[in-house]
Amino acid sequence: KLKYLHAALATAAKSKDTNKKALAAAQKMDADAGQQFKARKYPEVMKTVDAALDLVVTIPVVNLEVAPALFDPSSAQKLFIRTRVTLARARAAVSWELNLLALRPEGKETRAIPVRTIKGKGLPPEIINWDGKLDDGKEMVESASDYAAQMTVIDAADGKGVSVQTAFRTDIFASPT
């Protein structure tokens, strides 16, 4: 939960809409939680972190981890996408959408092209497996290419949290014939 708090504080600090007094109070609570953790007062840590999150989490905070970083769907390997969502205490997740994006260079920029979208209601599952197939269900991602995963979560108050793009690469593999 401390990691969630740190992510929420970083997001709140960057937002123009953040209540600065609430942010300062939550940052103090974060420091207190760190001291409580060092003193092994774990129940107090949880209470402090929960109180701090209540102050700063006004939109969903969405974090993704992707494994393996080098993905080979031609070998029946699956990409594992671990999701972590922090919501304001009084809000529930209504829906989520995971976009898998092909990253293609265009001059000095990189264009993100959606290749697969997975959607659901409520909170996303903790682990989402992807077989490398595109939205049509037939074609597969390209060999030796860059991709990213990005998730959006909508809460009951229409708060929208979007993760950063989490990159991964496909291995060199033979195309199915």
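All values reported here derive from a predicted model rather than from experimental measurement. Residue numbers run from 1 in the order of the sequence given.
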For this session: For T48 and Q36, test the side chains for any donor-to-acceptor distance below 3.5 angstrom and give the result as yes or no.
Result: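 Yes, Q36 and T48 have a side-chain donor paired with an acceptor closer than 3.5 Å.
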Problem set entry | Partners passing salt bridge (Lys or Arg N to Asp or Glu O under 4.0 Å) against E109 (at least two apart in sequence or in another chain) |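 E109: no salt bridge (Lys or Arg N to Asp or Glu O under 4.0 Å) contacts found.
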Exercise. F71 and W130: aromatic ring centres closer than 6.0 Å?
Worked result: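 Centroid distance F71-W130: below 6.0 Å, so yes.
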Seminar exercise, completed: Separation between OG1 (T170) and CD (Q77), nearest 0.5 Å, reads 11.0 Å
Exercise. Can you tell me how far the CG atom of D171 sits from the OG atom of S75, to the nearest 0.5 Å?
Worked result: 8.0 Å
For a 4.5 angstrom cut-off between non-hydrogen side-chain atoms, does [X] reach [Y]?
{"X": "F80", "Y": "E65", "result": "no"}
{"X": "N129", "Y": "D131", "result": "no"}
{"X": "K133", "Y": "P73", "result": "no"}

Problem set entry | Closest approach of S163 to Q150 (non-hydrogen atoms, all atoms of both residues) |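 That would be O-NE2, 2.9 Å.
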Problem set entry | Minimum-distance pair of heavy atoms, taken over all atoms of V115 and A102 | CG1-CB, 3.8 Å
For this session: Apply the test side chain to side chain contact (heavy atoms under 4.5 Å, CB included) to residues R82 and E126: give CA-CA distance (whole Å), side-chain angles for both, the deciding distance (0.1 Å), then the verdict.
Result: CA-CA 6 Å; R82 180 180 303 277; E126 186 177 332; 2.8 Å; yes
Exercise. Given the rule in the side chain to side chain contact (heavy atoms under 4.5 Å, CB included) test, do R84 and V62 qualify, once you have shown the distances and angles that lead to the verdict?
Worked result: CA-CA 6 Å; R84 292 199 171 109; V62 184; over 6 Å; no
Distance-only check: which donor-acceptor pairs under 3.5 Å involve side-chain atoms of residues 92-99, not counting sequence neighbours?
{"unit_1": "E97", "atom_1": "OE2", "unit_2": "N99", "atom_2": "ND2", "d": "3.0"}
{"unit_1": "N99", "atom_1": "OD1", "unit_2": "T117", "atom_2": "OG1", "d": "2.9"}

Problem set entry | The single option from T152, T83, I81, L64 passing side-chain contact (heavy atoms from CB on, under 4.5 Å) against P124 | T83
For this session: Check step by step if side chain to side chain contact (heavy atoms under 4.5 Å, CB included) holds for I172 and D72.
Result: CA-CA 7 Å; I172 298 172; D72 182 1; over 6 Å; no
If hydrophobic clusters are built from ILVMFWY residues whose side chains come within less than 4.5 Å, do [X] and [Y] share one?
{"X": "I118", "Y": "L134", "value": "yes"}
{"X": "L123", "Y": "I128", "value": "yes"}
{"X": "L103", "Y": "L79", "value": "no"}
{"X": "M140", "Y": "L100", "value": "yes"}
{"X": "F168", "Y": "V141", "value": "yes"}

Exercise. Is it true that a side-chain atom of D136 and a backbone atom of E139 form a donor plus acceptor pair closer than 3.5 Å?
Worked result: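 A pair under 3.5 Å: yes.
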Exercise. With respect to D146, which candidate in R111, R169, R104 satisfies the salt bridge (charged side-chain N to carboxylate O under 4.0 Å, His left out) definition?
Worked result: R169
For this session: Please lay out, stage by stage, how M151 and V153 fare under the test side chain to side chain contact (heavy atoms under 4.5 Å, CB included).
Result: CA-CA 7 Å; M151 180 173 275; V153 175; 4.1 Å; yes
